Amino acid sequence: MKYAQDIILKPVITERSMNLTRDQRKYTFKVAKDANKIEIKNAIEEIFKVKVSAVNVMRYDGKEKRMGLHSGKRPSYKKAVVTLAADSKTIEFFDNLM
């Protein structure tokens with residue numbers, strides 16, 4: 001059994017994600033790679049006590065990076081954009097950032 005805190009890893013704070021939050025009630029999070037949309041929706045509703053209307057998920061492969069002769073790779077991750085329902089309250093954590 002997965003706990004909600006294991007699914008939602010951290011919020012994504014960028015200029016674009018903050019514009020989506022303010023204009024369209026969409027919130028962006030880094031999530032566990034093996035989580036699906038239903039698990040993400042249930043985790044967001046449990047942690048923040050809001051009502052979710054849609055979840056969009058994107059997978060990112062890690063980029064190859066070089067430093068001279070040495071090469072490495074950044075870790076891959078999964079990102080979720082969560083849209084709240086019209087009658088739902090906002091997430092307070094993001095309200096303090098705007």
Side-chain angles (χ1 to χ4, degrees):
M1 180 175 146
K2 296 180 191 175
Y3 294 105
Q5 290 80 8
D6 296 333
I7 295 172
I8 307 300
L9 301 179
K10 64 180 184 177
V12 176
I13 310 296
T14 61
E15 187 174 352
R16 182 177 182 187
S17 69
M18 288 294 104
N19 287 340
L20 286 175
T21 300
R22 184 177 15 145
D23 300 337
Q24 302 174 17
R25 298 175 57 92
K26 293 185 179 185
Y27 297 88
T28 309
F29 298 93
K30 268 192 182 178
V31 296
K33 287 190 226 179
D34 59 342
N36 60 31
K37 289 183 178 185
I38 296 167
E39 292 172 339
I40 294 169
K41 177 183 176 183
N42 292 336
I44 293 291
E45 288 178 347
E46 180 183 332
I47 292 172
F48 297 109
K49 309 287 189 263
V50 294
K51 187 172 179 190
V52 175
S53 65
V55 177
N56 297 84
V57 178
M58 293 146 275
R59 292 183 64 100
Y60 290 95
D61 286 333
K63 292 181 180 180
E64 292 264 342
K65 290 295 180 180
R66 287 182 40 133
M67 186 98 163
L69 294 175
H70 306 288
S71 63
K73 187 178 176 192
R74 287 186 182 165
S76 56
Y77 62 96
K78 192 174 199 178
K79 185 170 81 169
V81 178
V82 178
T83 305
L84 298 184
D87 60 342
S88 175
K89 66 181 181 91
T90 60
I91 297 177
E92 293 176 13
F93 174 79
F94 288 91
D95 292 341
N96 298 330
L97 298 174
M98 289 189 276

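Bear in mind the structure is a predicted one, so any value in this text is a computation, not a measurement.
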Quiz item: Measuring from Asp95:CG to Lys89:NZ, what's the distance to the nearest 0.5 Å?
Solution: 9.0 Å
Quiz item: Should Ile44 and Phe29 count as side-chain neighbours, where that means a heavy-atom distance under 4.5 Å?
Solution: yes
Quiz item: Hey, does Val82 have a side-chain heavy atom less than 4.5 Å from the side chain of Lys41?
Solution: no
Exercise. Starting from the C-alpha separation in whole Å, work towards a yes-or-no answer on salt bridge (Lys or Arg N to Asp or Glu O under 4.0 Å) for Glu39 and Lys2.
Key: CA-CA 9 Å; Glu39 292 172 339; Lys2 296 180 191 175; 3.2 Å; yes
Quiz prompt | Nearest non-hydrogen partners of Val50 and Thr90, listed with the distance | solution = CG1-O, 4.2 Å
Exercise. Test side chain to side chain contact (heavy atoms under 4.5 Å, CB included) on Arg59 and Ser76 and set out the steps.
Key: CA-CA 8 Å; Arg59 292 183 64 100; Ser76 56; 5.7 Å; no
Quiz prompt | Sub-4.5 Å side-chain heavy-atom contact between Tyr27 and Pro11 | solution = no
Exercise. May I ask whether Tyr77 and Val57 are part of the same hydrophobic cluster, defined by side-chain heavy atoms of I, L, V, M, F, W, Y residues being less than 4.5 angstrom apart, directly or through others?
Key: no
Quiz prompt | Side-chain heavy-atom pair Met58, Val81 within 4.5 angstrom cut-off | solution = yes
Practice problem: Show your reasoning for whether side chain to side chain contact (heavy atoms under 4.5 Å, CB included) applies to Leu9 and Val31. | Solution: CA-CA 5 Å; Leu9 301 179; Val31 296; 5.6 Å; no
Quiz item: Going only through I, L, V, M, F, W and Y residues with side-chain contacts under 4.5 Å, is there a path from Tyr60 to Ile40?
Solution: no
Quiz item: For Ser17, does its backbone N or O pair with a side-chain atom of Thr21 as donor and acceptor, under 3.5 Å?
Solution: yes
Self-check item: Sub-4.5 Å side-chain heavy-atom contact between Lys51 and Leu84
Solution: no
Practice problem: Taking Arg25 for its side chain and Ala85 for its backbone only, find out whether a donor-acceptor pair lies under 3.5 Å. | Solution: yes
Practice problem: Give a yes or no answer on whether the side chain of Lys78 reaches the backbone of Ala35 with a donor-acceptor pair at less than 3.5 Å. | Solution: yes
Practice problem: May I have the step-by-step check of side chain to side chain contact (heavy atoms under 4.5 Å, CB included) for Ile13 and Phe94, ending in yes or no? | Solution: CA-CA 9 Å; Ile13 310 296; Phe94 288 91; 3.8 Å; yes
Quiz item: Does the Glu45 side chain pair with the main chain of Val52, one donor and one acceptor, at a distance under 3.5 Å?
Solution: yes
Exercise. Just do the side chain to side chain contact (heavy atoms under 4.5 Å, CB included) check on Lys63 and Lys73 with the steps written out, would you?
Key: CA-CA 6 Å; Lys63 292 181 180 180; Lys73 187 178 176 192; over 6 Å; no
Practice problem: Return the minimal non-hydrogen interatomic distance between Asp6 and Ala32, and the atom names on each side. | Solution: O-CB, 3.7 Å
Quiz item: Which distance, rounded to the nearest 0.5 Å, do you find between the NZ of Lys26 and the CE of Met18?
Solution: 14.0 Å
Quiz item: If we only count heavy atoms from C-beta on, is the Val12 to Lys79 side-chain gap below 4.5 Å?
Solution: yes
